[in-house]
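Just so it is clear, the model here is predicted, and its values are computed rather than measured.
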Amino acid sequence: MRAKVAAAFAFGCAAFLLMGCASAGGQEGAARGGSALSIRVANDLVPPGTIVVWIIPELGARRRLGTIPPDGEQSFSYVPGDRTMEYRLMAQTAEGREIMSDPFTLQGASALSWRASSRVVTLGSAGT
């Protein structure tokens, strides 16, 4: 019986320590820009066609956000690794054409919007 109580106590202590480490890591991730960014993209390309939207950090691999039908609009969520780095959005058509946005940084922004026919990305906060 005593061994079971000791094992349960040890397990509880280990779980408590792991929760503390996990919450500290989450705070560190938030300090590095770990909060999600809201991305709104409008597919207003002419001629109309489906596009695949990517976000491309200055360093690292591009990340697929999703697909938007012709004349459609879609919202995506993305957690940037570093908000001081430059990013670009890219729309890729079914024919393989790649449309790139101007570069932007995410400092102070929690949301952005982009019309695929324009190079300009509009930064703001969620709800604006």
Side-chain angles (χ1 to χ4, degrees):
M1 177 72 176
R2 227 176 169 174
K4 287 183 180 180
V5 171
F9 179 75
F11 178 77
C13 288
F16 180 75
L17 289 173
L18 286 173
M19 287 187 333
C21 291
S23 64
Q27 291 168 353
E28 183 183 27
R32 286 192 326 249
S35 58
L37 175 71
S38 174
I39 301 173
R40 183 93 179 145
V41 180
N43 179 0
D44 60 347
L45 294 178
V46 177
T50 299
I51 59 172
V52 176
V53 180
W54 302 81
I55 188 161
I56 306 169
E58 178 181 357
L59 302 172
R62 69 183 184 173
R63 180 152 179 201
R64 182 185 169 132
L65 296 176
T67 304
I68 306 175
D71 299 318
E73 237 178 82
Q74 186 74 32
S75 290
F76 306 102
S77 183
Y78 174 73
V79 178
D82 182 352
R83 289 182 176 267
T84 62
M85 181 184 312
E86 280 193 349
Y87 292 84
R88 287 180 184 261
L89 291 174
M90 179 181 74
Q92 189 174 36
T93 67
E95 298 80 34
R97 183 170 63 131
E98 296 179 349
I99 298 100
M100 300 290 282
S101 75
D102 288 336
F104 56 90
T105 59
L106 300 171
Q107 288 178 311
S110 62
L112 65 85
S113 61
W114 181 51
R115 301 187 80 67
S117 65
S118 170
R119 295 182 56 89
V120 178
V121 171
T122 305
L123 299 171
S125 58
T128 58

Given 3.5 Å as the limit, does a donor-acceptor pair link the side chain of [X] with the main chain of [Y], or not?
| X | Y | result |
| --- | --- | --- |
| Asn43 | Pro69 | yes |
| Asp44 | Arg115 | no |
| Arg63 | Pro57 | no |

Problem set entry | Neighbour count above 12 (heavy atom, 6.0 Å) for Arg62 CZ |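 Atom CZ in Arg62 is crowded, with more than 12 foreign heavy atoms closer than 6.0 Å.
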
Provide the closest heavy-atom pair for [X] versus [Y] in the form atom of the first, atom of the second, distance.
| X | Y | result |
| --- | --- | --- |
| Pro80 | Ser35 | CD-O, 3.6 Å |
| Ala116 | Ile51 | CB-CD1, 4.2 Å |
| Leu37 | Ala109 | CD1-O, 4.1 Å |
| Tyr78 | Ile39 | CB-CD1, 3.8 Å |

For this session: Carefully, step by step, assess Val121 and Asp102 under the rule side-chain contact (heavy atoms from CB on, under 4.5 Å).
Result: CA-CA 7 Å; Val121 171; Asp102 288 336; 6.0 Å; no

For this session: List the steps and the verdict of side-chain contact (heavy atoms from CB on, under 4.5 Å) for Phe104 and Trp114.
Result: CA-CA 12 Å; Phe104 56 90; Trp114 181 51; over 6 Å; no

For this session: Check the pair Thr105 / Arg83 against side-chain contact (heavy atoms from CB on, under 4.5 Å), numbers first and verdict last.
Result: CA-CA 6 Å; Thr105 59; Arg83 289 182 176 267; over 6 Å; no

Single-linkage hydrophobic cluster [X]~[Y], side-chain heavy atoms < 4.5 angstrom:
| X | Y | result |
| --- | --- | --- |
| Met100 | Leu45 | no |
| Phe76 | Met90 | no |
| Ile56 | Tyr87 | no |

Problem set entry | Distance-only side-chain donor-acceptor flag, Ser75 / Arg40, under 3.5 Å |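 Present: a donor and an acceptor within the cut-off.
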
